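Heads up: the structure comes next, in structure tokens.
Naming convention: chains lettered A, B, ... in sequence-line order (proteins, then strands); numbering from 1 in each chain. Since the structure is predicted, the reported quantities are computational estimates derived from the model, not experimental observations.
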Amino acid sequence: MAGQGLIQRGYAVTVSHPGEGEGPYRVSYAQRSLQNGDRQGGNGEAKDFLASVLFRDEGVSVTWEAPPVGPEVSREAFEQDARDRVSLLRDWMTRLRALVTTVEQYATELGWATRRIDKKMEDSQIGKHEAPALLLQEGAHRVLLEPVGRSAPGVEGVVDLYLMPAYDDIASLYYYDGRWNLHYIFPGTTGAATTREAPAKPLTRDTLREVLDQMKKDAA
Amino acid sequence: MPHNHEWLARIKAVEREHSAMRLAADHLLEAAQADPSLIRGDLRRRDIVHAAAGLDGTYVIRLFAEFETGLRQYCETTRASHPPMRDLVNGVAAMCGVPDDRRDNVHLVRAYRNSLVHEREEEVEVVPINVARGYLCTFFSFLPPRW
């Protein structure tokens, strides 16, 4: 535990994932004090440590492409830290990719063109990473489905829907009760000042259509 | 290579920070009203009132700073000069085909930012932060996807 606290304070951590594939995740640890300065130690070795984390049926394996050196934190603590980060990222990516795929499918069926992009994110428990976002376009209307965070009180994922390019808030999606829920101030909704306070509807092709149609009306 | 969308996201992130601070400031004001002993040290209630009242303006300044940094980064790839902001906005608008009304919206935000920073006497239009974010992001979207 103490080792992981030292890692949290002393290192900037970046996790890169293998995309849709099953390859290894890479977890890099860069010492914070060296981030903007000399990255070479006295013996000429780089100070960044790089772990490769692979999920297999029999468990999670960690191998080092650039192993940690120095007495402050044990290699075991780094390995546990890498496992924990990758495990959180894996769960988050699973939920998020499923959402992006679903919205992509609904949007296509509704006649919108779609394009996936990557968004750089930072999470206190994972570190820096990239997450998928989705651009939707129909005529002059452009909408962005963008991940906001892996967790918030009571929810396991927050994703926003924005009208682009002004980045106006349209709706929010929250993951709870084992599914993505669409929060949007539908016409006739009373007592909700923000999309979060608005009553939720399950994300379906029809609720997405309702949101997109209303957004087009408002933008006209 | 810088990506246009990254800058839009950075501008939006400032607005989200503002929302968090607005919530915190409003809660603090409410709590301090109910229990003045919450305020400690040299802090006075009026300091919190002033901070809360100035929060929107403070974040419009930050919003514009983010926009200006992105615009200057783009310009440095095409020219080495460091023009004043008005010229920079006009130059980029001409270069990237930004419609006049979208360019003028940015000047509205710039004028409001200037009035906050330089405490000018002349009356300028107050631009709410969500409107400022929309104006700046819309302008920025005319820049190339990557540069």
Side-chain angles (χ1 to χ4, degrees), chain A residues 14 96 100 113-124 128-137 139-153 155 158-174 183 185 192-198 215 218-219, chain B residues 1-24 26-27 59-60 62-64 66-67 70-71 74 92-93 96-99 101-106 108-109 127-146:
Chain A
T14 303
L96 193 56
V100 169
T114 61
R115 182 163 63 91
R116 289 189 188 211
I117 59 172
D118 285 323
K119 187 201 171 189
K120 288 178 181 164
M121 300 193 73
E122 188 152 12
D123 179 286
S124 61
K128 290 182 181 169
H129 61 281
E130 288 194 346
L134 188 69
L135 273 168
L136 297 80
Q137 179 152 14
H141 302 291
R142 270 191 291 159
V143 169
L144 175 66
L145 179 81
E146 185 177 72
V148 172
R150 174 184 58 84
S151 68
V155 302
V158 183
V159 173
D160 277 350
L161 210 53
Y162 298 115
L163 176 62
M164 300 301 284
Y167 243 115
D168 289 327
D169 300 284
I170 303 174
S172 295
L173 290 137
Y174 297 95
H183 287 245
I185 303 177
T194 65
T195 54
R196 178 79 195 262
E197 294 165 12
M215 181 273 297
D218 294 342
Chain B
M1 184 182 279
H3 192 293
N4 183 324
H5 180 74
E6 281 176 34
W7 281 102
L8 295 186
R10 287 173 72 150
I11 294 169
K12 180 69 179 178
V14 174
E15 190 197 17
R16 298 192 76 87
E17 268 185 51
H18 164 264
S19 302
M21 294 315 296
R22 167 56 63 206
L23 184 70
D26 291 348
H27 273 290
Y59 272 87
V60 167
R62 275 209 50 206
L63 206 64
F64 200 84
E66 204 70 51
F67 171 78
L71 218 53
Y74 168 66
V92 172
C96 299
V98 181
D101 57 340
R102 309 297 165 92
R103 178 203 60 206
D104 294 346
N105 285 341
V106 167
L108 279 180
V109 184
V127 187
I129 189 161
N130 61 323
V131 176
R133 180 259 306 144
Y135 287 168
L136 300 181
C137 283
T138 300
F139 184 98
F140 219 96
S141 72
F142 285 90
L143 272 63
R146 290 178 187 278

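- For chain B, the nearby part of Leu144(A) is the side chain; its heavy atoms alone come within less than 4.5 Å.
- Within the 4.5 Å cutoff, the side chain of His5(B) has no heavy atoms near those of the Asp118(A) side chain.
- Electrostatic pairing of Arg16(B) and Asp160(A) counts as a salt bridge here, judged by a charged N lying under 4.0 Å from a carboxylate O.
- Leu163(A) does not touch chain B: none of its heavy atoms, backbone or side chain, sits under 4.5 Å away.
- Taking each heavy atom of Cys137(B) and Ala166(A) in turn, the nearest pair found is CB-O, 3.9 Å.
- Rounding to the nearest 0.5 angstrom, the gap separating the CG atom in Asp169(A) from the NZ atom in Lys12(B) is 3.5 Å.
- The minimum heavy-atom distance between Glu146(A) and Ala9(B), with the atom names listed, is OE2-CB, 4.3 Å.
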